Student: 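Handing you this structure, nothing more for now.
From a predicted model like this one, the values you see are computed outputs, not experimental measurements. Order of appearance sets the numbers: ligands from 1, and atoms from 1 within every ligand.
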Amino acid sequence: MSEGGRLELRHPGGSTPIWVGAGALGNALEALGASLARRRVFAVTSPPVRALHGAALDAVAATAGAFRILEVADGESAKSVETVVTLWRRLLDEGGKRDSLIVAFGGGSIGDVAGFVAATFLRGVDYLQVPTTLLAQVDASIGGKTAINLPRAKNCVGAFHHPVATIAETTFLETLGPRQIRCGLFEVVKTAAMLDSDLFAMLETELEELLGGGAEVLAPVVEATAAAKIAVVERDPTEGNDRRLLNFGHTLGHALESAAVDVHGHKTLEHGEAVGYGMLFALELARPRGLGMKEAERIRELVVRIGLPPLPGGLDPADLIDRIARDKKAREGSIAWVMPMKIGDGLVVENVTGEEVSSTIDRFLAGA
Ligand code: GLY
């Protein structure tokens, strides 16, 4: 769909329309305009996103009763307690009310922090997700998860709070660099490997075009991935069960993402890349549990074709295991590992022992 289609996510609090495609923003603003005109609208964004897509913010401003832009740092560093406190105070100082509307305008980090502020300010106000990256359009902006980080614990504080709408305007994807496209595609592979074998086969066939980017080629993938995610979130809105499949690659992935830093403390792996490695690792756990060699090879090959940067040297297996134990998905006495049993069909496994994880991490790091 490339001309502004509309999907729907039904959840316990109601339903969220998800506009996808070229023209999604215009279509959504037309539908939401009367509601925006009555409200004070606060757009949370970062300076680089504002510089790239300021015209779209102008379009939102033109429909709003009153409009303010609240800037936060770009990337993962925005997901901090300090940013949340700053945003709460700004909202209060600038007249935020129960019927104000927050617009999360940017990538996944902005969506997570702005969504968390929307979930908590005045015990919850409405917000719109307007994702500008592929990763955020296919995953983070859908399903109502909001979160910030604590030191060594990603997404450790958060809430389920569904946006009143998600607007995946695919023309925003034109400005993405190759690394951002690759990061988004890792999340697409995750969803396809767990839930949708047709989407997986489409990725295998069209990967080179998709890596080249462009709104036209990426739009059908955004729509198909969003549709697969919607189906699983509708079955399991609060991740008690099937929604956990969307954590494929994320258990080791989150640990790697937070552990891989350079001497200045800057991250060297993007979230999507860490998930790419996390998926390869989960294949090692899945093979002895029934994942066939051919299927494992297809998943490995697709991840490798997307392109992973080398893992930084000096990663300490014990440190990774400690980070995994702090993962918010850990329960008392067990960590659920998500793995494919075949392509399009994932499984959550609770009985992976610490020894198995530890020896597999040792082998994995030695072979990476
Ligand atoms: N990002 C995974 C989920 O929304 O459940």
Side-chain angles (χ1 to χ4, degrees), residues 7-13 15-16 18 20 76 79 104 106-116 118-119 127 129 131 133-149 153-163 165-166 168 180 183-196 199 221-258 270-279 282 327-331 335-340 346-348:
L7 307 171
E8 189 90 21
L9 167 61
R10 289 174 297 264
H11 51 78
S15 77
T16 297
I18 297 169
V20 185
E76 194 72 16
K79 291 174 59 173
S109 300
I110 286 175
D112 279 359
V113 71
F116 182 67
Y127 75 117
Q129 284 278 15
T133 63
L134 181 59
L135 187 146
Q137 292 196 355
V138 298
D139 191 56
S141 65
I142 298 169
K145 277 189 183 176
T146 73
I148 57 170
N149 302 331
K154 190 174 158 74
N155 294 342
C156 186
V157 178
F160 286 102
H161 184 55
H162 285 272
T166 292
Q180 286 172 302
C183 284
L185 287 173
F186 286 121
E187 293 282 1
V188 177
V189 170
K190 168 202 83 174
T191 305
M194 290 294 102
L195 299 168
D196 188 339
L199 176 58
V221 169
V222 175
E223 189 199 352
T225 313
K229 177 159 183 179
I230 288 168
V232 79
V233 172
E234 286 189 345
R235 288 205 298 280
D236 176 20
T238 52
E239 200 177 286
N241 203 346
D242 278 8
R243 185 170 176 173
R244 292 188 290 171
L245 296 175
L246 295 173
N247 294 326
F248 175 40
H250 283 62
T251 303
L252 183 69
H254 280 165
L256 280 175
E257 184 183 352
S258 62
E270 291 296 332
H271 175 70
E273 295 161 348
V275 168
Y277 273 113
M279 290 191 285
D327 192 283
K328 69 180 185 315
K329 297 181 286 298
R331 301 195 180 179
I335 291 167
W337 287 87
V338 181
M339 54 192 81
L347 187 69
V348 180

Student: Side chains of E8 and S15: donor-acceptor distance under 3.5 Å anywhere?
Tutor: yes
Student: Which of these passes side chain to side chain donor-acceptor pair (under 3.5 Å) with H250: E257, E187, R244, K154?
Tutor: E187
Student: Which N/O atoms of ligand 1 sit under 3.5 Å from a protein N/O, and at what distances?
Tutor:
| residue | atom | partner | partner atom | Å |
| --- | --- | --- | --- | --- |
| ligand 1 | 1 (N) | D139 | OD2 | 2.9 |
| ligand 1 | 4 (O) | K229 | NZ | 2.6 |
| ligand 1 | 4 (O) | R243 | NH2 | 2.8 |
| ligand 1 | 5 (O) | K145 | NZ | 3.0 |
| ligand 1 | 5 (O) | R243 | NE | 2.7 |
| ligand 1 | 5 (O) | R243 | NH2 | 3.4 |

Student: Heavy atoms only: give me the nearest A224-L199 pair and the separation to one decimal.
Tutor: CB-CD1, 3.9 Å
Student: Looking at residues at least two apart in the chain, or sitting in another chain, which of them share a side-chain contact (heavy atoms from CB on, under 4.5 Å) with A118?
Tutor: I102, V125, Y127, H161
Student: Are any non-hydrogen side-chain atoms of K229 and L246 less than 4.5 angstrom apart?
Tutor: yes
Student: Can you say whether the rings of H11 and H162 are parallel (under 30°), tilted (30 to 60°) or perpendicular (over 60°)?
Tutor: parallel
